[in-house]
There are 2 protein chains.
Amino acid sequence: MQLMREKGAAGGGLRERKKRATRAALAEAAVRLAAEHGAEKVTVEAISAAAGVSVRTFFNYFDTRDDAFVVIDADAGARMRRAVLDAPAGLSPLEVLRGALAAELAEAEQQHELWRLHAEVLHASPHLLARGVGAHMAAEAELAEAIAERLGDAGGGIYPRLLAAVAGTAVRTSVDHWSAHQEEAAFLDVFHEVFSLLAAGLPAPPA
Amino acid sequence: MQLMREKGAAGGGLRERKKRATRAALAEAAVRLAAEHGAEKVTVEAISAAAGVSVRTFFNYFDTRDDAFVVIDADAGARMRRAVLDAPAGLSPLEVLRGALAAELAEAEQQHELWRLHAEVLHASPHLLARGVGAHMAAEAELAEAIAERLGDAGGGIYPRLLAAVAGTAVRTSVDHWSAHQEEAAFLDVFHEVFSLLAAGLPAPPA
DNA sequence: GTGCATCTTTGCATACCATGCAACTTATGA
DNA sequence: TCATAAGTTGCATGGTATGCAAAGATGCAC
């Protein structure tokens with residue numbers, strides 16, 4: 001019952017640290033139990049017991065049982081926003097996103113082991129995969145805003161939202177492909193290949 | 001207790017027609033009730049009552065309460081598959097998808113009224129929107145297969161899945177944008193604009 | 001149209017998910 | 001140390017979801 005990368009806001013009082021620890025313990029217990037028994041077989045009671053809290057407390061941390069499998073990094077949106085706004089002026093919006101996402105993902109990949117387990121669990125039940133998408137959509141909306149802001153008057157139409165949505169899709173597709181062909185390629189290589197395809201307008205591959 | 005466009009496989013015996021009718025009645029009741037009272041306030045009992053069946057029967061048609069709001073056209077995947085495989089050989093994969101999706105959506109748009117209501121309900125609770133994405137993912141997988149098949153040996157990598165996923169994203173983004181700016185543009189115009197952006201590699205819009 | 005096989009619907013029992021509320025315990029800061 | 005704010009817990013309640021067996025339709029052969 002520990003772990004914690006203390007990513008965004010570190011430290012704080014004992015209270016906050018305990019909250020973080022409890023949340024992390026619940027999330028980790030959920031993923032490990034799901035990896036072992038299958039997500040559908042894992043009850044809230046089991047997760048709570050494994051994390052050493054009551055069922056009622058589980059629901060103080062997650063609105064839904066499934067939320068425990070889907071880990072949302074609430075600070076990611078804000079970080080990406082800054083990355084988009086601070087990027088060099090010369091870059092195209094797509095290049096800006098490629099950079100911001102690559103940086104974010106490189107960091108996430110350090111938690112390699114738990115990340116893999118995660119991907120495994122989500123992949124095993126499409127139901128949860130969809131929920132993961134939902135979790136990303138809030139971040140995508142924030143991304144779209146940042147892009148629109150960066151573009152100024154030119155960002156009034158559908159372009160920012162499309163770009164953010166496509167970028168999110170690119171990430172998910174990359175993760176999906178990588179987790180199915182883990183031995184063949186490094187994740188970031190897959191990711192960059194995907195963005196190259198997007199930048200080229202998704203041309204037909206050579207026969 | 002009527003309606004039905006008898007899209008894919010029409011007719012059949014009385015049994016099948018009744019099943020279709022029941023399913024449609026449940027789905028329509030769900031959407032109308034949700035539009036009126038908010039999706040979260042609509043119980044399975046209310047939906048079932050409105051459709052004139054028992055609660056137990058509801059669960060014979062939908063695995064989940066939310067599924068009733070998300071309407072899945074189970075035949076759409078098969079239709080698109082054929083459209084992709086039957087398209088002229090000269091077209092690029094992206095153009096093929098643009099055509100297949102446009103045809104499918106043009107047909108769907110004829111149910112204009114219910115479709116709008118649908119978009120409204122989904123948009124009101126992001127939770128359901130995510131579920132809608134999940135519903136589309138199965139279709140996307142089928143699309144990816146069709147694309148891979150069309151491409152032959154060239155379709156072995158990540159390209160088909162990426163293309164299918166991006167196309168799905170394009171549709172969702174178009175619907176989203178259109179439903180927010182309904183008065184300003186026809187849906188298919190939005191849709192084609194989006195595909196043009198994709199084909200051009202998502203270039204920065206003119207300042 | 002009779003009768004049998006098959007499919008559908010339904011009620012009942014059961015288990016899990018999710019929320020509000022009040023009582024209790026623990027951290028925080030003066 | 002003490003008062004306050006925050007977090008945890010059990011209990012009560014109601015909605016969601018599944019298995020099972022009985023009853024009701026439908027389809028088909030005769």
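In what follows, chains are A, B, ... by sequence order, proteins preceding strands, each numbered from 1. On a predicted model such as this, the values are computed, not experimentally measured, just so you know.
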*Would you mind telling me which residue lines up with the more 5' stretch of DNA chain D, Glu45(B) or Val53(A), judged by nearest nucleotide?*
Val53(A)
*Inter-residue atom distance Arg15(B).CZ - Lys18(B).NZ, 0.5 Å rounding*: 10.0 Å
*When you measure from every atom of DNA chain D, which of residues 54-63 of chain B have a heavy atom less than 4.0 Å away?*
Arg56(B), Phe59(B), Asp63(B)
*Passing option when Ser174(A) is tested against Val194(A), Leu101(A), Thr169(A) for side chain to side chain contact (heavy atoms under 4.5 Å, CB included)*: Val194(A)
_Lys41(A) NZ - dC17(C) P separation (whole Å)_ = 12 Å
*In whole angstrom, what separates Lys19(B)'s NZ from dT8(C)'s P?*
4 Å
*asked:* Below 4.0 Å from chain A heavy atoms, what is the first contacting nucleotide of DNA chain D and what is the last?
replied: dA5(D) to dC11(D)
*side-chain contact (heavy atoms from CB on, under 4.5 Å) partners of Ala139(B), counting only residues at least two apart*: none
_So, OP1 or OP2 of dT8(C): does either fall under 4.0 Å of a side-chain N or O from Lys18(B)?_
no
*So does Arg172(B) pair up with Glu140(B), basic N to acidic O under 4.0 Å?*
yes
*asked:* Between the base of dT28(C) and the side chain of Arg15(A), is one N or O donor paired with an acceptor at under 3.5 angstrom?
replied: no
*For Ala29(B) and Ile47(B), work out which heavy atoms get closest and say how close.*
CB-O, 4.1 Å
*Return yes if some donor-acceptor pair links the side-chain N/O of Arg161(B) with the main-chain N/O of Thr173(A) below 3.5 Å, else return no.*
no
*What is the distance, rounded to the nearest whole Å, between atom CZ of Arg65(B) and atom P of dC17(C)?*
16 Å
*Check whether any side-chain N or O of Thr64(B) sits under 3.5 Å from a backbone N or O of Asp67(B) as a donor-acceptor pair, and report yes or no.*
no
*Lys NZ or Arg CZ of Arg23(B) over Phe62(B) ring: under 6.0 Å, within 45°*: yes
